[in-house]
Structure formats: C-alpha cells, structure tokens
Amino acid sequence: MTKGEHTSEVRVRFAPSPTGFFHIGSARTALFNWLYARHCGGKFILRIEDTDRQRNTEESLRVLFEGMKWLGLDWDEGPEKGGNHAPYFQSERGAIYEDYLQRLFRSGHAYRRDGAVWFRVSGKPAIIHDEIRGDVVRLEEKDFVIVRSDGSPVFHFVNVVDDIAMGITHVIRGEDHLSNSSKHVELFQAFAVAAPKFAHIPLILKTVGSGKMSKRDQGALIEDYQRREFLPEAVRNYLCLLGWSPKEDREILPIGEIISLFELQQISKNNARFDEKKLTHMNGEYLRALPVDQFVERCRSALGSSGLSGAVSDDYFREVMAVCQEKIRNLETLGDFCGYFFRDRFPFDEKAMEKLFQGRDALERIDEFLKAIQSQPAGEFSGESLENLVGSLAESMGVKTGDYIHPVRFALSGKTVGPSFYHLLKVLGKERVEHRLRTFLGGFTTRDQ
Ligand code: GLU
C-alpha cells in the first residue's frame with residue numbers, strides 16, 4: 001500500500017496545469033479546495049500538472065504562486081513547502097507512474113496497441129459520487145489511451161495515480177471535468193481503491209451572454225487585480241460567492257466565518273455569472289472598513305511611483321487619504337481621484353466646465369465665496385465653521401448652498417465629484433483654496449477679454 005491511502009483526514013488538492021496566467025476559474029477552484037480543507041481541519045495540497053513541458057516555465061509558476069499567496073491561499077503540501085508525498089510536480093513523478101502502470105499490466109487492465117498503452121474499460125456504468133449533484137451514472141464505452149506512443153502519460157492516468165498516491169479524499173474541480181470522471185472512476189476501480197468524493201463546481205460565465213469566462217475577458221485574470229490594486233480580501237470574498245452563498249443573502253463576510261460556514265453541499269449546481277461592478281462595489285466596502293492607518297499604507301503603495309505622495313508631509317498625505325476613504329471604490333483610480341490635492345495644475349473636466357459656467361452666475365458665486373472666506377482665520381478653516389459660512393452666505397444672497405458648492409468644488413479640483421466638500425476645503429487649507437480660486441477666476445477674466 002502506498003503512503004497516504006486510506007486516511008480519514010480530509011485531503012484536497014488544487015492541481016493546475018501551468019498556463020502562464022491565473023484564471024479566475026482556477027483561482028475559485030483553488031479557493032473552494034482551500035476553504036473546504038480549512039473548514040474540516042484537513043490538508044490543502046498544491047500539485048502541478050505539468051506534463052505539457054513547454055508551458056511549464058518559471059514565469060507560469062511565478063504567476064500562479066504569487067496569485068495564490070496574494071489571495072491568502074496557503075498550501076500545506078506542495079512546491080516550496082514540501083511534504084510526505086513529494087515531488088509535487090508531475091514532471092518529476094515518472095517512476096511512480098511507471099510503477100502504477102506495471103500494476104495495471106499485471107492485473108490485466110492495461111495492454112499495448114499501436115505503440116500506445118490502453119486502458120481496458122469494465123463495460124459497467126461508473127457511479128460518480130458528487131457532493132453537489134448527487135450520484136451521476138456514466139458508462140465509459142471505449143478503451144482509452146493512458147500512455148501515448150511517445151511514452152508520455154495521459155492526464156486521466158496521472159491525475160488518478162496522484163490522487164491515490166497522495167491520499168486525496170475529495171476532488172473539487174470545475175464542472176468541465178465531470179465528463180472525465182467516469183474514466184477516473186474506472187481507473188480507481190482498476191487499482192482497487194475507493195474513488196474519492198467528487199464536487200464538480202459550476203462554471204463562471206461572462207457578464208453578458210452564455211459563454212464561459214475566457215482569459216481574454218476583462219476581469220478574468222488574478223494578476224490583473226493585483227496590478228490594479230484591488231484588495232485581495234475583497235477579491236477573495238467575491239470569488240467565494242461565485243457558486244456558493246451563505247444563507248440570508250449575506251455577501252460581505254470575514255473569511256473566518258466563510259470557513260466555518262463552507263459546505264460542499266451548499267455549492268450551487270447553476271453556473272455563476274461574473275459581475276465586475278459587484279466586485280468593485282465590494283472592494284469599496286472593504287476599503288472603507290480598513291482602519292485608517294492600513295488604508296493610508298495601501299494608498300502609499302498604490303500611488304507608488306506616481307510621484308504624487310513624495311512631495312508632501314506624512315500628515316498631509318494622511319489627511320488627504322482619510323477624506324478619500326469614504327468615497328473611493330478602487331485604488332486603481334486613486335491617483336486620478338485625488339491628484340489635485342498634490343498639484344496646483346490638474347486637468348479640468350471640459351464637459352462639466354461648459355455646463356457649470358454657461359452664464360456668469362457660477363463665477364460670481366466663486367467670487368462671493370472667496371470674499372467671504374477672507375475674514376475666516378486660517379486656523380479655523382474647518383468643516384463646521386465653513387459649513388456655517390456657506391449656509392449664511394447662501395441665505396443672505398437668496399441662493400442655495402449648492403450654488404456655491406458645485407462651482408467652488410470644480411474650481412478647486414477640476415471635478416464634479418470627490419470627497420465631502422467641507423473636508424475638501426479643510427484639507428486643502430485656506431491658502432491653497434484662495435490661491436486656486438483666484439487663479440481660476442483670473443483664467444476666466446483673461447479668456448473673456
Ligand atoms: N490539471 C487539471 C486542470 O487544470 C486538473 C483537473 C483536476 O482537478 O482533476 O484542469
């Protein structure tokens with residue numbers, strides 16, 4: 001008996017074939033395996049199915065390992081980690097496959113024909129015990145090749161051999177593999193080993209239509225989320241919902257709670273649909289929930305080489321980020337969202353400009369506001385006193401507070417949206433506010449002449 005057979009501990013594996021990218025569907029398979037292992041206190045094994053040597057480059061592995069670590073999917077056995085069933089690369093397990101192949105020859109389940117090795121099917125229907133779909137019965141009618149004439153072993157064979165040798169108790173994988181499972185069950189029977197339990201998880205469809213997410217679809221690759229500064233905890237939480245859901249329509253849950261709730265039987269039979277809007281929304285929720293220190297840290301790394309954060313004091317940087325935290329949904333757009341806090345020259349949204357400054361009213365409001373704040377001591381240039389100031393100004397002029405807020409915000413930032421107006425004023429400070437408003441009005445005077 002090989003090490004690992006007949007163990008009562010739950011042992012699951014993620015068995016990717018390196019492709020050069022980490023697809024969202026693979027990541028979700030890895031995640032569900034990891035969740036189940038952590039739920040049961042079992043082991044999560046990473047096995048690299050790299051019999052296709054051309055694709056097995058260092059770079060493919062790097063993308064995969066980094067993506068998994070980024071998502072927090074730590075493995076208990078596998079590359080970099082080792083374990084009792086090493087090696088964890090199929091390309092290094094040739095001797096094991098040879099040994100298992102000889103067993104099949106001895107028991108009469110394998111034979112040679114035309115240079116290849118064939119597996120002799122039983123002719124009886126195979127029962128696939130699937131935790132999600134119940135028992136699926138399939139008849140494998142034809143013998144199939146397990147070692148090609150060039151000597152390379154076929155996926156079905158090595159996949160089953162490794163699941164046996166590594167003592168895998170549950171095979172959790174994409175539904176696209178359901179059609180392979182009858183071959184696999186036949187192989188387990190031939191080795192006189194009970195097949196593991198299966199859980200074939202639903203596919204992930206594109207946002208629109210009935211097609212499966214392909215690597216070319218926006219949002220399909222984990223490395224893109226890393227590059228785009230998404231929070232890994234948000235991406236992971238979103239991936240959990242692609243095919244699984246906690247009761248009571250809850251969506252945002254700490255991972256510890258997901259682990260304790262996660263059951264294979266609760267995975268949906270229906271395909272899941274990818275929705276980047278929802279993911280971005282969740283990302284925003286996660287950003288807002290971060291303690292401000294952590295948020296500021298993430299912002300600093302997200303702005304990285306943009307040069308935006310370099311020229312200002314730590315205190316100013318922190319204040320800016322603290323007011324952005326309430327509104328931002330994605331750190332990818334942070335530079336654009338808050339760039340004007342760091343530079344006096346910034347782009348103006350042309351369309352909004354035309355709309356806001358059709359007549360002279362808005363310019364007059366800016367001028368009135370500018371005059372009104374002059375009497376305000378710089379030290380008291382704060383949220384509440386500014387709110388009062390704008391309130392009484394509007395009242396005395398018989399206009400709405402919005403008539404001040406919109407053009408002034410625009411003149412200060414070039415945008416119609418951003419952090420709360422009074423926070424914006426306070427963080428920029430009196431001096432910058434006055435300077436920018438004067439420059440803005442000056443620009444108009446020159447244009448009009
Ligand atoms: N290497 C296969 C894949 O990437 C593994 C399938 C399985 O999990 O059994 O699809």
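Just so we're clear, the structure is a prediction, and the values are computed from it rather than from any experiment. Each ligand, and each atom within it, is numbered from 1 in the order the structure gives.
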Residues in side chain to side chain contact (heavy atoms under 4.5 Å, CB included) contact with Arg250, at least two apart in sequence or another chain: Pro246, Glu248, Leu253, Glu257
Parallel, tilted or perpendicular: rings of Phe342 and Tyr316 (30°, 60°): perpendicular
When the ring planes of Phe65 and Trp75 are compared, do they come out parallel, tilted or perpendicular, using 30° and 60° as the limits? tilted
So which protein residues pack against ligand 1 under 4.0 Å, heavy atoms counted? Arg13, Ala15, Pro16, Ser17, Glu49, Phe155, Asn159, Arg173, His177
Output side-chain donor-acceptor pairs under 3.5 Å for residues 325-336, partner residues at least two apart or in another chain, one line each.
| from | atom 1 | to | atom 2 | distance (Å) |
| --- | --- | --- | --- | --- |
| Gln325 | NE2 | Leu287 | O | 2.9 |
| Gln325 | NE2 | Leu290 | O | 2.9 |
| Lys327 | NZ | Gly418 | O | 3.3 |
| Asn330 | OD1 | Glu332 | N | 2.9 |
| Asn330 | ND2 | Glu332 | OE1 | 3.4 |
| Glu332 | OE1 | Arg228 | NE | 3.1 |
| Glu332 | OE1 | Arg228 | NH2 | 3.2 |
| Glu332 | OE2 | Arg228 | NE | 3.1 |
| Thr333 | OG1 | Asn330 | O | 2.9 |
| Asp336 | OD1 | Lys415 | NZ | 3.4 |

Only one of Val12, Leu35, Asp74 passes side-chain contact (heavy atoms from CB on, under 4.5 Å) with Phe44, and that residue is Val12
Just list the side-chain donor-acceptor pairs under 3.5 Å for residues 345-352, sequence neighbours left out, or say none.
| from | atom 1 | to | atom 2 | distance (Å) |
| --- | --- | --- | --- | --- |
| Asp349 | OD1 | Lys351 | N | 3.2 |
| Asp349 | OD1 | Ala352 | N | 3.2 |

